Engineer: 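Take this structure, written in structure tokens, and hold onto it; I'll ask about it next.
Note that this is a predicted model, so its numbers are computed, not measured. Residue numbers start at 1 and run along the sequence shown.
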Amino acid sequence: MEIGHFIKNIRIKKNMSQETLSKNIISRRNLSKIENNETSPTIEQLKQIFFKLNIDSNDINDFVLNFNSSQYNELHTEFTDLINSVNIKNSDLLLLNQKIKEDLSSDRKIISLYLEFKIRFKNNKLILPLTTKEIRNIYDYLVASPVYTINDYTILALLVKLAPIPMIEHLHSKMFPVQFRELRNQGITDVILCFYFNITSELIQLQWHSSAKEYLALAKIELTPTNYYYTLKINYLEKLQLYSETRKLEYKNQCLELIEIPKKFDDIKLFELLKKLLSIVDTQNENSNKSFFK
């Protein structure tokens, strides 16, 4: 659901006319354009509209969750069936790639699905990486959004793995902090932590240690005592960053201890991910040592 349709639905639900809602905020004509998604409100206008509509938590959650469209559900089901297939047919892979690409403009959740698809099959020679134009279009879409939903932060978290870091850092400066505290719930906090995990992982692999430290500090602010999954991942990245920067074995040993935790809980996917990151840093350190002793 776009912001304009969201405002219109709540206004009608509360039996409020456009004249009443727009008074002292914006012209009725401009409100009509906003409701038809022909133009976007400023953040200040949006705050006043939200206040006047007296939007409650249920309305906010409806907007944040962004309603799954039937189109998205169908594509997501196909995507899930495909990755769970024992033998993936090239024809099915190419067909789904085309179908998702054709529907990119219809639903913002389909953008995140497209990015998931590109990440999942980035090592497949049949699937081309995101083009510069596609990356720019997604970037422009995020920059132009008047307010961000959980799906926008999901897009950002996935885009980290596919777009240049300077572009991601610019988006971070625009999208953070979250404008409306009402939009914060556990779901969006998890997505934000996913973003911080992804960008810090990329920065450590690039050996951009000062930037990695900054994002780790921001991630730790988001952590809650009950969030085992991300507490482990962020703490691990902190030790990994120190090992990458200093090459001290004490930090590697701490990483190895943390790697074993998800294995004990049968979280093999997380275990393999953390193990892979350590292997990358080990290779970096070995190459640095070779260069030093030449």
Engineer: Show, in sequence, the C-alpha distance, side-chain angles and deciding distance for D140 and R136, and conclude whether the salt bridge (Lys or Arg N to Asp or Glu O under 4.0 Å) test is met.
Structural biologist: CA-CA 6 Å; D140 289 344; R136 188 72 204 188; 3.3 Å; yes
Engineer: How many angstroms lie between atom CD1 of I221 and atom CD1 of I192, to the nearest 0.5 angstrom?
Structural biologist: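 I221 CD1 to I192 CD1: 12.0 Å, rounded to 0.5 Å.
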Engineer: Evaluate the side-chain proximity of I168 to Y139: yes if any heavy-atom separation is below 4.5 Å, no if none is.
Structural biologist: no
Engineer: Stepwise, does the side-chain hydrogen bond (donor to acceptor under 3.5 Å, both in side chains) test hold for D190 with N227?
Structural biologist: CA-CA 9 Å; D190 286 349; N227 197 322; 2.9 Å; yes
Engineer: Heavy atoms only: give me the nearest I135-L162 pair and the separation to one decimal.
Structural biologist: CD1-O, 3.4 Å
Engineer: Can you measure from OH (Y236) to NZ (K233) and round to the nearest 0.5 angstrom?
Structural biologist: 12.0 Å
Engineer: Is a donor on one side and an acceptor on the other found under 3.5 Å between the side chain of T246 and the backbone of K248?
Structural biologist: yes
Engineer: Between CG of L240 and CD1 of I204, what distance do you get to the nearest 0.5 Å?
Structural biologist: 4.5 Å
Engineer: Under 6.0 Å between ring centres: does that hold for F265 and F271?
Structural biologist: no
Engineer: So, are K239 and E257 salt-bridged, with charged N and O less than 4.0 Å apart?
Structural biologist: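 Between E257 and K239 there is no salt bridge, as every charged N stays at least 4.0 Å from the carboxylate O atoms.
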Engineer: Report yes or no: does Y230 contribute a side-chain atom to a donor-acceptor pair with the main-chain N or O of A219 at less than 3.5 Å?
Structural biologist: no
Engineer: Given the rule that I, L, V, M, F, W and Y join up when any side-chain heavy atoms are under 4.5 Å apart, are L193 and I119 in one cluster?
Structural biologist: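 Unlinked, L193 and I119 end up in two clusters.
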Engineer: Between V281 and Q284, is any pair of side-chain heavy atoms under 4.5 Å apart?
Structural biologist: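 Yes, at least one pair of side-chain atoms sits under 4.5 Å.
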Engineer: Compare every heavy atom of D92 with every heavy atom of L82, then report the nearest pair and how far apart it is.
Structural biologist: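 Scanning both residues completely, I find the closest heavy atoms to be CD1-CB, 4.0 Å.
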Engineer: Can you list the steps and then say if Q254 with E250 is a side-chain hydrogen bond (donor to acceptor under 3.5 Å, both in side chains)?
Structural biologist: CA-CA 6 Å; Q254 289 173 3; E250 63 180 285; 4.7 Å; no
Engineer: Give a yes or no answer on whether the side chain of S211 reaches the backbone of W208 with a donor-acceptor pair at less than 3.5 Å.
Structural biologist: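 Judged by distance alone, no pair lies under 3.5 Å.
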Engineer: Side chain to side chain contact (heavy atoms under 4.5 Å, CB included) for L277 and L237? Distances and angles first, verdict last.
Structural biologist: CA-CA 9 Å; L277 288 172; L237 285 184; 4.1 Å; yes
Engineer: Report yes or no: do E35 and Q18 form a side-chain donor-acceptor pair below 3.5 Å?
Structural biologist: yes
Engineer: Measure the shortest side-chain to side-chain distance between I83 and F121 over non-hydrogen atoms and say whether it is less than 4.5 angstrom.
Structural biologist: yes
Engineer: Are L218 and F176 side-chain neighbours, meaning at least one heavy-atom pair lies under 4.5 Å?
Structural biologist: no
Engineer: Between N30 and S27, do the side chains contain a donor N or O and an acceptor N or O under 3.5 Å apart?
Structural biologist: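 Present: a donor and an acceptor within the cut-off.
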Engineer: Taking M16's backbone N and O only, do any of them form a donor-acceptor pair with T20's side chain (distance below 3.5 Å, no angle check)?
Structural biologist: no
Engineer: At what distance, to the nearest 0.5 angstrom, does CG of D282 lie from SG of C255?
Structural biologist: 9.0 Å
Engineer: Specify the closest pair of heavy atoms between M175 and Y153, including all atoms of both residues, with the distance to one decimal.
Structural biologist: O-OH, 2.7 Å
Engineer: Decide side chain to side chain contact (heavy atoms under 4.5 Å, CB included) for T231 and T224; before the verdict, give the C-alpha distance in whole Å, the side-chain angles of both, and the deciding distance to 0.1 Å.
Structural biologist: CA-CA 8 Å; T231 299; T224 58; over 6 Å; no
Engineer: So, does N97 use its side chain to make a donor-acceptor pair with the main chain of L93 at under 3.5 Å?
Structural biologist: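 Side chain of N97 to backbone of L93, a donor-acceptor pair under 3.5 Å: no, none is there.
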Engineer: Working to the nearest 0.5 angstrom, can you tell me the gap between K174 NZ and L171 CG?
Structural biologist: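 Spacing of NZ (K174) from CG (L171) equals 9.0 Å.
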Engineer: In terms of ring plane angle, is the pair Y215 and H172 parallel, tilted or perpendicular, where the classes change at 30° and 60°?
Structural biologist: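 Y215 vs H172 ring planes: perpendicular.
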Engineer: Between E78 and K99, does a salt bridge (Lys or Arg N to Asp or Glu O under 4.0 Å) hold up when you go through it step by step?
Structural biologist: CA-CA 10 Å; E78 287 189 47; K99 285 174 70 175; 2.6 Å; yes
Engineer: Quick one, T200 with Q241, criterion side chain to side chain contact (heavy atoms under 4.5 Å, CB included). Give me CA distance, side-chain angles, the key distance, then yes/no.
Structural biologist: CA-CA 9 Å; T200 306; Q241 193 279 134; 5.7 Å; no
Engineer: Heavy atoms only: give me the nearest I110-L75 pair and the separation to one decimal.
Structural biologist: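 Heavy-atom minimum between the residues: CD1-CD1, 3.9 Å.
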Engineer: Same hydrophobic cluster for I100 and L126, using side-chain heavy-atom links shorter than 4.5 Å among ILVMFWY?
Structural biologist: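 Linked within one cluster.
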Engineer: For residues L158 and V143: do they belong to one hydrophobic cluster (side chain heavy atoms under 4.5 Å, members Ile, Leu, Val, Met, Phe, Trp, Tyr)?
Structural biologist: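 Per the 4.5 Å side-chain linkage, L158 and V143 are co-clustered.
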Engineer: Should F197 and L273 count as side-chain neighbours, where that means a heavy-atom distance under 4.5 Å?
Structural biologist: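 SC-SC contact between F197 and L273 confirmed.
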Engineer: Any side-chain to backbone donor/acceptor pair from N198 onto A157? Under 3.5 Å, distance only.
Structural biologist: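 Checked: pair present.
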Engineer: Can you tell me how far the CG atom of D152 sits from the CD1 atom of I138, to the nearest 0.5 Å?
Structural biologist: 11.5 Å
Engineer: Test of understanding: clusters of I, L, V, M, F, W, Y form through side-chain heavy atoms closer than 4.5 Å, transitively. Do F51 and I10 belong to the same one?
Structural biologist: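 No, separate clusters.
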Engineer: Just wondering, are more than 12 heavy atoms of other shown residues or ligands nearer than 6.0 Å to NZ in K275?
Structural biologist: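 Atom NZ in K275 is not packed in, count stays at 12 or less.
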Engineer: Under the side-chain contact (heavy atoms from CB on, under 4.5 Å) test against L115, which residue among V160, L156, L159 passes?
Structural biologist: L159
Engineer: Do E222 and F195 have side chains that approach each other closer than 4.5 Å (heavy atoms only, starting at C-beta)?
Structural biologist: no
Engineer: Please determine, by modelled atom types, if T77 and T80 share a side-chain donor-acceptor pair under 3.5 angstrom.
Structural biologist: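 Per modelled atom types, T77 and T80 side chains form no pair under 3.5 Å.
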Engineer: For E245 and K213: C-alpha separation, side-chain torsions, deciding distance, then whether side chain to side chain contact (heavy atoms under 4.5 Å, CB included) applies.
Structural biologist: CA-CA 11 Å; E245 184 179 20; K213 285 179 182 177; 3.3 Å; yes
Engineer: Does atom NZ (K118) have a neighbourhood of more than 12 heavy atoms from anything else shown, all under 6.0 Å?
Structural biologist: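 Buried by this count: over 12 neighbours within 6.0 Å.
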Engineer: Determine the minimum heavy-atom distance between L203 and A212, stating which atoms define it.
Structural biologist: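 Answer, listing the atom of L203 first, then A212: CD1-N, 3.9 Å.
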Engineer: Might you work through the side-chain hydrogen bond (donor to acceptor under 3.5 Å, both in side chains) test for E134 and Y114, ending with a clear yes or no?
Structural biologist: CA-CA 11 Å; E134 286 176 324; Y114 188 58; 2.7 Å; yes
Engineer: Does one hydrophobic cluster hold both L96 and L94, with members joined at side-chain heavy-atom distances below 4.5 Å?
Structural biologist: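 Yes, L96 and L94 fall within the same hydrophobic cluster.
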Engineer: Side chains of L21 and I7: closer than 4.5 Å at any heavy-atom pair?
Structural biologist: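 A side-chain contact exists here, since the closest heavy-atom pair is under 4.5 Å.
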Engineer: Within the 4.5 Å heavy-atom criterion, are K23 and K52 side-chain neighbours or not?
Structural biologist: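 Side chain of K23 against side chain of K52, heavy atoms only: contact under 4.5 Å found.
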Engineer: Donor-acceptor check, side chain of N36 to backbone of E38, threshold 3.5 angstrom: yes or no?
Structural biologist: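 Not at all, since once roles are kept as given, no pair shorter than 3.5 Å links the two residues.
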Engineer: For a quick test of reading the model, state the closest non-hydrogen atom pair linking S288 to Q207 and the distance between them.
Structural biologist: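 The answer is OG-NE2, 4.3 Å.
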Engineer: Under a 3.5 Å threshold, yes or no: a donor from one side chain and an acceptor from the other, between Y229 and D267?
Structural biologist: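 There is no such pair (donor and acceptor under 3.5 Å, judged by atom type) between the side chains of Y229 and D267.
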